[in-house]
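Single-structure report; data block below.
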Amino acid sequence: MKTLALAIVLAACAHGGHTVMKIDATTAAKAVGHEVEITGLAQDAKLSAVVVDGDLIVYLLDRPSWGAQAGTRVIVRGMLEHTHDLDVRVSPSGAISQGVSGAGLYAIHGATVEPAR
């Protein structure tokens with residue numbers, strides 16, 4: 001029991017005292033508003049750089065692209081948000097704006113990134 005408690009404390013200390021949740025597509029909704037860690041493929045999307053882990057896509061909205069890191073596996077950490085700010089909009093005249101259609105998107109601002117091992 002002492003070993004488990006020590007492991008939890010060390011894991012929290014390794015991330016500045018914050019508990020970091022490792023997430024995937026099945027756990028992302030419950031992690032909104034929390035510090036998260038996603039390991040996935042660095043890809044470029046129209047809106048920004050994204051990290052893709054199976055069915056989970058997380059937008060890094062302050063990173064326009066991955067550059068040379070595109071196509072590599074990365075570990076991304078930061079505060080997970082769920083937003084509808086970038087949803088497609090339809091004006092009263094019927095004009096459709098560019099954006100993301102669907103149920104919103106997951107995003108992280110100010111993410112830290114490192115290569116996955």
Side-chain angles (χ1 to χ4, degrees):
M1 188 67 165
K2 288 181 183 179
T3 304
L4 177 59
L6 179 60
I8 291 169
V9 170
L10 291 175
C13 290
H15 298 289
H18 299 288
T19 301
V20 177
M21 301 171 66
K22 292 186 180 191
I23 64 166
D24 59 25
T26 62
T27 58
K30 292 180 182 178
V32 170
H34 297 279
E35 291 286 324
V36 299
E37 177 179 297
I38 307 121
T39 302
L41 187 63
Q43 295 184 340
D44 292 332
K46 191 171 189 177
L47 294 173
S48 71
V50 296
V51 60
V52 179
D53 177 24
D55 291 335
L56 177 64
I57 300 171
V58 177
Y59 288 78
L60 307 182
L61 295 175
D62 53 355
R63 182 182 279 244
S65 72
W66 284 103
Q69 283 184 292
T72 65
R73 291 191 49 79
V74 293
I75 300 169
V76 174
R77 291 184 190 91
M79 182 74 67
L80 186 66
E81 305 171 21
H82 188 263
T83 182
H84 290 275
D85 291 347
L86 301 169
D87 285 355
V88 171
R89 307 274 189 237
V90 180
S91 73
S93 67
I96 300 173
S97 70
Q98 289 190 1
V100 178
S101 58
L105 56 84
Y106 292 108
I108 295 177
H109 289 89
T112 62
V113 177
E114 65 184 70
R117 296 177 198 100

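The distance from the CG atom of Leu61 to the CD atom of Glu81 is 7.5 Å, given to the nearest 0.5 Å. One finds the CD1 atom of Ile23 at 10.0 Å from the OG1 atom of Thr39 (value rounded to the nearest 0.5 Å). In this structure, Ile38 CD1 and Lys22 NZ are separated by 12.0 Å, a value rounded to the nearest 0.5 Å.
The backbone N or O of Asp24 lies less than 3.5 Å from no partner atom in the side chain of Asp53, so there is not a single donor-acceptor pair.
Hydrophobic clustering (ILVMFWY, side-chain heavy atoms < 4.5 Å, transitive): Ile57 and Leu105 are in one cluster. No single ILVMFWY cluster, assembled from side-chain heavy atoms under 4.5 Å apart, contains both Leu60 and Val50. Put simply, Tyr59 and Tyr106 are part of two different groups of oily side chains (I, L, V, M, F, W, Y) that touch within less than 4.5 Å, one to the next. Residues Val51 and Leu41 do not share a hydrophobic cluster, clusters being chains of Ile/Leu/Val/Met/Phe/Trp/Tyr side chains in contact below 4.5 Å. Leu56 and Val74 fall within a single hydrophobic cluster, where Ile, Leu, Val, Met, Phe, Trp and Tyr side chains are chained together by heavy-atom contacts under 4.5 Å.
Listed here is the closest heavy atom pair of Ala31 and Met21: CB-CE, 3.9 Å. When every heavy atom of Asp62 is checked against every heavy atom of His109, the shortest pair comes out as OD2-C, 3.7 Å. Closest approach of Glu37 to Arg77, counting heavy atoms only: OE1-NE, 2.8 Å. Nearest heavy-atom pair across Ile108 and Gly78 is CG2-CA, 3.8 Å. Listed here is the closest heavy atom pair of Pro115 and Ile75: O-CD1, 4.2 Å.
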